[in-house]
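Counting convention: from 1, in listed order, for ligands and their atoms alike. Heavy-atom basis, side chains included; hydrogens, waters and symmetry copies ignored. Positions are given from 1 along the sequence.
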Amino acid sequence: MIPLVDLKAQHASIRAEIDDAIRRTLDECSFVLGPDVATFEQEFAAACSAAHGIGTSSGTSALHLALLAAGVGPGDEVITTPFTFVATVAAIQYAGATPVLADIDPATFNIDPAAVAAAITPRTRAIVPVHLYGQPADMDPIVALAREHGLVVVEDAAQAHLAEYRGRRAGSLGDLACFSFYPAKNLGACGEGGMVVTSDDAHARRLRLLRDWGAERKYHHVVKGFNFRLEGLQGAILRVKLRHLERWTERRRAIAARYRELLADADVTLPVEMPWARHVYHVFTIRSRERDRLRDALLERGVATGVHYPVPVHLMPAYADLGLPAGSRPHAERACAEVLALPMYPELTDAQCETVARAVREAAGPRRPDPHPAP
Ligand SMILES: *Cc1c(COP(=O)(O)O)cnc(C)c1O
């Protein structure tokens, strides 16, 4: 069986380094924040071409705090995409604001700048583009809209470590950017973790307060804050893994290129890599009108797949409060019915890659003309 992701293979390849980092942290007893977290914040911010990194307990708490630091609160509207992990929308509601969901560009799966423009009202305060699957959203028109209307841009870069847009790193494209170090992300902790990066000194100061109980120094609380700190063990482990991330990212890109070659004649739609993007392939997503049948056929052939995401946020029972009916975000809804993620992780071998592609070619058959082409 070829899995969708294989965390054990990655751990086996760096076990000795991780063991050292854990032993050092236990000997130092620096369990919450501490020197490794501080160094990791600097190293990761530098990798994002940002001045400051503020480690947090998860990507979700990073998004929540970034919105609060940007001054988002009750009465504000925040524009984001319905085709994302629910955390993006949840964080907007945690900050007390109202999520406004703008449909995606079906070619890239990312928020459509024209839909963002149409969603702006006098109450709009921020835009949260998600760099879905590891490909940056089309940021120039989004940032231009934000500047024109006085809005804050918070990148949800949870899937986009080391991705680039027109030669610039994800994390340096808006006012603030949020990363997740959930274990299965391109840079994953041995547990939960996240980070906000920003080049704005005032935002960074406020974020450091907010993630640690709003305390200026111990027991002197100047704002109402949270317990959203990154653990010392995770900081030490993430420093080790960051040293390998560039190599792992290039391997993901090489696997994606190989899939493209091998699937060129199969009856599936390949993901579009925009000419201005360094796509980091957190997920390699094909599309098929017969997605569920294809998924079953691949499973029979020993290939695990994933669906990110089967339901757009506005059609989840938990988000019925958004009041958006089926059919209201057609591109996101169609993507949910058609996307299929193939195995993608840096340790995937060339032979496994070929096995996956052969199974897809057999299961999908040769390319036929699409009677209902995606727009
Ligand atoms: C993973 C993810 C998050 C949330 O990160 P956690 O660390 O799991 O809290 C937010 N947005 C997107 C797009 C994600 O993929």
Side-chain angles (χ1 to χ4, degrees), residues 4-5 7 37 40 44 53-68 78-95 99 101-102 104 108-111 126-137 139 142 153-163 170-171 173-174 176-197 207 211 226-231 233-235 237-238 241 252 279-285 306-314 316 318-319 332 335-336 339 341 344-345:
L4 182 63
V5 293
L7 299 184
V37 168
F40 176 61
F44 189 73
I54 298 90
T56 59
S57 52
S58 69
T60 306
S61 55
L63 284 163
H64 181 179
L65 292 189
L67 291 165
L68 293 181
V78 176
I79 299 171
T80 192
T81 162
F83 194 49
T84 182
F85 182 60
V86 287
T88 317
V89 175
I92 294 167
Q93 292 186 328
Y94 296 160
L101 304 184
I104 57 168
T108 61
F109 305 111
N110 278 325
I111 198 166
I127 307 171
V128 184
V130 178
H131 305 321
L132 200 74
Y133 304 148
Q135 172 154 255
M139 293 299 287
I142 291 170
V153 177
V154 178
E155 298 170 69
D156 182 341
Q159 304 184 1
H161 317 71
L162 305 190
L173 305 171
L176 303 122
C178 302
F179 289 86
S180 165
F181 306 122
Y182 181 76
K185 297 290 161 80
N186 286 21
L187 177 59
C190 296
E192 305 276 356
M195 193 178 290
V196 186
V197 304
L207 285 160
R211 68 135 178 224
F226 300 82
N227 176 355
F228 281 170
R229 298 168 300 220
L230 182 61
E231 295 188 347
L233 274 171
Q234 305 309 342
I237 289 165
L238 287 163
K241 291 197 177 188
R252 285 177 183 273
H279 192 323
V280 296
Y281 292 100
H282 174 57
V283 185
F284 186 91
T285 307
V307 174
H308 315 72
Y309 299 92
V311 181
V313 176
H314 64 287
M316 301 263 187
Y319 293 89
C336 287
V339 292
M344 173 56 84
Y345 48 92

Do Thr84 and Val128 have side chains that get closer than 4.5 Å, going by heavy atoms?
no
Spell out, as yes or no, whether a donor-acceptor pair under 3.5 Å connects the side chain of Asn110 to the backbone of Gln135.
yes
Ligand 1 N/O within reach of Thr84 N/O, cut-off under 3.5 Å:
no
Is there a side-chain contact between His131 and His282, using heavy atoms and a 4.5 Å cut-off?
no
Atoms in ligand 1 with a heavy atom of Val130 nearer than 4.0 Å:
13 (C)
Quick one: nearest non-hydrogen protein atom to atom 1 (C) of ligand 1, plus distance?
Lys185 NZ, 1.5 Å
Is a donor on one side and an acceptor on the other found under 3.5 Å between the side chain of Tyr133 and the backbone of His308?
yes
In terms of atom number and element, which parts of ligand 1 are under 4.0 angstrom from non-hydrogen atoms of Thr88?
11 (N)
Aromatic rings His64 and Tyr94: how do their planes relate, parallel, tilted or perpendicular, breaks at 30° and 60°?
tilted
In ligand 1, the atoms that come under 4.0 Å of a heavy atom of Gly59 are 5 (O), 6 (P), 7 (O), 9 (O)
Identity and distance of the protein heavy atom lying nearest atom 9 (O) of ligand 1
Thr60 OG1, 2.5 Å
Protein heavy-atom partner closest to atom 15 (O) of ligand 1 - residue, atom, separation in Å
Gln159 NE2, 2.8 Å
Ring centroids only, cut at 6.0 angstrom: are Phe181 and Phe44 within range, meaning strictly under it?
yes
When you look at Thr88 and Thr81, which way does the side chain to side chain contact (heavy atoms under 4.5 Å, CB included) test go after all the steps?
CA-CA 8 Å; Thr88 317; Thr81 162; 5.6 Å; no
Atom indices of ligand 1, in the order listed, that fall short of 4.0 Å to a heavy atom of Ala158
2 (C), 3 (C), 10 (C), 11 (N), 12 (C), 14 (C), 15 (O)
Protein heavy-atom partner closest to atom 13 (C) of ligand 1 - residue, atom, separation in Å
Asp156 OD2, 3.5 Å
